[in-house]
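The block underneath contains the structure these notes are about, expressed in structure tokens.
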There are 2 protein chains.
Amino acid sequence: MADDLANEILNELAPGASLPSEAELAERYAVSRLTIREAVKLLAGRGLLELSRGRRAIVREPDGAAFADFLTSMLNNDSKGLFDLVEVRLSLEVQSATLAAKRASRAGIAAVENALQGMRDTVEAASAEDPEADRRFHDFDVGFHEAIALASGNRVMGYLFEAMASPLRQGIQISRRGHANRGHTLFDTIQAHQRILEAIRDGNGRAAGEAMRLHLKDTERDIRNALSSMADPPTRQRTR
Amino acid sequence: MADDLANEILNELAPGASLPSEAELAERYAVSRLTIREAVKLLAGRGLLELSRGRRAIVREPDGAAFADFLTSMLNNDSKGLFDLVEVRLSLEVQSATLAAKRASRAGIAAVENALQGMRDTVEAASAEDPEADRRFHDFDVGFHEAIALASGNRVMGYLFEAMASPLRQGIQISRRGHANRGHTLFDTIQAHQRILEAIRDGNGRAAGEAMRLHLKDTERDIRNALSSMADPPTRQRTR
DNA sequence: CAGCCCAAAGGTATCAGATACCTTTGAGGA
DNA sequence: TCCTCAAAGGTATCTGATACCTTTGGGCTG
């Protein structure tokens with residue numbers, strides 16, 4: 001019953017809208033407030049509603065967050081998961097870069113350019129040892145890849161990318177360590193991204209895919225390098 | 001509160017185990033049964049618990065089912081979603097075929113062979129117009145692709161494939177219609193699969209990926225063909 | 001008149017105690 | 001031995017309250 005209600009409720013509403021109050025829903029569907037609450041919790045569990053105490057629930061634009069939870073918990077269990085994720089990411093991003101080159105709108109390309117420019121600015125503006133700058137660079141890095149996924153015009157691709165984004169963030173952080181170990185600089189990273197961007201701007205799908213592939217292969221090596229140079233493996237136990 | 005409880009509960013239990021009764025949980029965590037129920041619904045929404053009336057809840061092995069719900073609801077909205085999915089699938093499956101060729105165990109290859117043999121047997125045993133046989137062929141088809149995803153040894157790949165399986169089933173069904181329209185037979189399908197299998201068996205990653213790519217490109221054409229030949233577009237209205 | 005403060009209104013979060021109905025299981029009879 | 005069926009154990013849902021959070025508008029103060 002509550003399960004059916006969950007679908008009912010969702011079908012009535014567009015993303016971004018806020019739900020009627022629990023009391024109102026209860027009346028409309030002729031069930032108790034409790035049943036409504038359970039249906040709402042179910043949807044929240046799927047990441048389709050955003051709950052907050054004292055305020056109405058909001059219908060979320062689906063963004064693969066539910067899958068993200070799941071991926072994150074998997075990565076916490078073993079470091080192999082991180083490699084698996086990078087492999088999948090390689091495959092998806094090569095494709096999304098290829099598609100972006102063929103389909104990206106002017107605005108889509110601009111978003112990719114902005115992210116890259118952000119990386120450049122961060123590097124130039126940074127003083128020698130600014131941990132904050134490092135984090136910012138990192139964010140622009142993720143943003144660059146996200147912009148490409150969106151520019152591919154493939155919504156499933158976008159969702160998958162979002163789902164992977166948070167576990168990936170962890171991955172990129174690790175890879176940066178390996179990156180430095182291998183004597184690479186942030187400038188190298190920027191150049192790799194530059195090549196991808198140019199291929200997309202040229203509308204050359206093949207080149208864009210290949211540039212992305214090379215970049216990610218390199219990232220993969222970085223991660224491997226970082227993990228092997230770490231004393232204890234990054235397996236995080238589940239909290240009890 | 002209920003949200004925290006959800007995590008608590010999950011951390012205490014291994015997949016496959018069944019939860020204590022609601023009353024017992026309520027006592028253990030010193031909250032009302034209602035709160036327990038909400039936490040349980042939340043987990044069920046994430047696909048981490050399996051609920052059934054009158055029986056205890058069971059902790060599920062995560063399998064990407066949550067993401068599947070989400071993909072399915074997307075596909076119901078517009079037919080473009082189906083193309084997007086095929087594009088993503090193309091990218092993932094080319095990769096998984098490549099990896100399977102490099103890594104598949106003897107048992108993994110056997111599973112792929114079995115699926116293919118199942119397709120052959122179904123075709124040979126089928127009487128002219130047996131709708132049941134058609135469904136079976138179909139299942140073996142999906143099974144073939146699933147076996148390859150598993151044989152890739154990449155767990156994330158496996159999960160993603162599972163998540164896509166149910167919406168994909170719909171896609172394959174449509175593509176079969178287009179397949180026939182273009183004068184192709186089931187035998188062609190079997191041959192395409194045969195080529196993929198052989199490349200995997202030979203350990204030739206490049207060939208396996210390429211064979212998979214060709215096969216899926218063909219499927220993509222079939223879907224396009226089927227959709228364009230359908231009088232009304234396959235957009236299913238949301239039920240109200 | 002502008003800005004701050006606070007209380008009321010509208011919400012959600014949770015509790016307690018019942019009822020309805022489903023599933024499993026074991027005792028008893030054919 | 002096998003079938004039937006009722007009791008036991010569970011979940012699904014209802015009703016009616018209480019606690020506490022957020023928003024908002026009116027009134028007070030400077």
Side-chain angles (χ1 to χ4, degrees), chain A residues 1-63 65-66 69 239-240, chain B residues 1-63 65-66 68-70 72-73 239-240:
Chain A
M1 186 81 207
D3 305 36
D4 302 333
L5 257 185
N7 293 321
E8 282 286 328
I9 291 174
L10 205 63
N11 282 335
E12 300 260 342
L13 290 159
S18 63
L19 252 62
S21 76
E22 293 180 355
E24 197 173 326
L25 285 171
E27 189 176 1
R28 181 176 324 172
Y29 294 105
V31 296
S32 81
R33 239 192 81 214
L34 167 69
T35 304
I36 294 292
R37 275 191 68 69
E38 290 190 358
V40 163
K41 280 281 176 186
L42 198 69
L43 292 175
R46 282 194 208 151
L48 298 177
L49 283 185
E50 208 171 320
L51 304 183
S52 57
R53 189 176 188 138
R55 262 177 307 180
R56 297 188 168 189
I58 295 174
V59 181
R60 275 176 54 157
E61 186 73 43
D63 61 354
D69 287 348
T239 54
R240 276 218 87 199
Chain B
M1 185 79 209
D3 305 36
D4 302 334
L5 258 185
N7 292 321
E8 282 286 328
I9 291 173
L10 206 63
N11 283 334
E12 300 262 340
L13 290 160
S18 63
L19 252 63
S21 75
E22 293 180 354
E24 197 172 326
L25 285 171
E27 190 175 1
R28 181 178 323 174
Y29 293 104
V31 296
S32 81
R33 241 190 82 215
L34 166 68
T35 305
I36 294 292
R37 277 190 67 70
E38 291 191 356
V40 162
K41 281 281 178 187
L42 199 68
L43 292 175
R46 284 195 207 149
L48 298 176
L49 284 185
E50 206 169 322
L51 304 183
S52 57
R53 189 174 187 142
R55 263 180 305 182
R56 295 187 169 189
I58 294 174
V59 181
R60 274 177 53 156
E61 185 75 43
D63 62 353
D69 287 348
F70 160 64
T72 305
S73 76
T239 54
R240 278 218 88 200

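The sequence lines fix the lettering, A, B, ..., with proteins before strands; numbering per chain opens at 1.
Relative to the side chain of B:Arg53, the nucleotides C:dC22, C:dA18, C:dA13 differ in distance, and C:dC22 lies closest. For B:Ser32, taking side-chain heavy atoms from C-beta onward, the closest of the listed nucleotides C:dT12, C:dA16, C:dA18 is C:dA16. Between D:dC14, C:dT23, C:dT12, one nucleotide has an atom nearer to the side chain of B:Arg55 than all others, and that is C:dT23.
Protein atom CD of A:Glu22 is 16 Å distant from nucleotide atom P of D:dC21, rounded to whole Å. Between the CG atom of B:Leu51 and the P atom of C:dC21 there is a distance of 20 Å, given to the nearest Å. Separating the CD1 atom of B:Ile58 from the P atom of D:dT11 is a distance of 12 Å, rounded to the nearest angstrom. Summarising the geometry, the separation between CZ on B:Arg33 and P on C:dT14 is reported as 16 Å, rounded to the nearest angstrom. What separates CD1 of A:Ile36 from P of C:dT12 is a distance of 11 Å, to the nearest Å. Residue B:Glu38 contributes atom CD, which lies 11 Å from atom C1' of C:dC15 at whole-angstrom precision. Distance CG (A:Leu34) to P (C:dA16): 14 Å, rounded to an integer number of Å. Between B:Lys41 atom NZ and C:dA13 atom C1' there is a gap of 18 Å when expressed in whole angstrom units.
Once rounded to the nearest 0.5 Å, the distance linking CZ of A:Arg55 with CG of A:Leu19 reads 14.5 Å. Rounded to the nearest 0.5 Å, atoms CZ (A:Arg37) and CG (A:Leu51) are 8.0 Å apart.
Tested against B:Arg33, the residues B:Glu24, B:Glu27, B:Glu22 include a single side-chain hydrogen bond (donor to acceptor under 3.5 Å, both in side chains) partner, B:Glu22.
Nucleic acid contact class of B:Arg56 (heavy atoms, under 4.0 Å, all strands): sugar-phosphate only.
Taking the side chain as every heavy atom from C-beta outward, B:Glu38 and B:Leu34 approach each other to under 4.5 Å.
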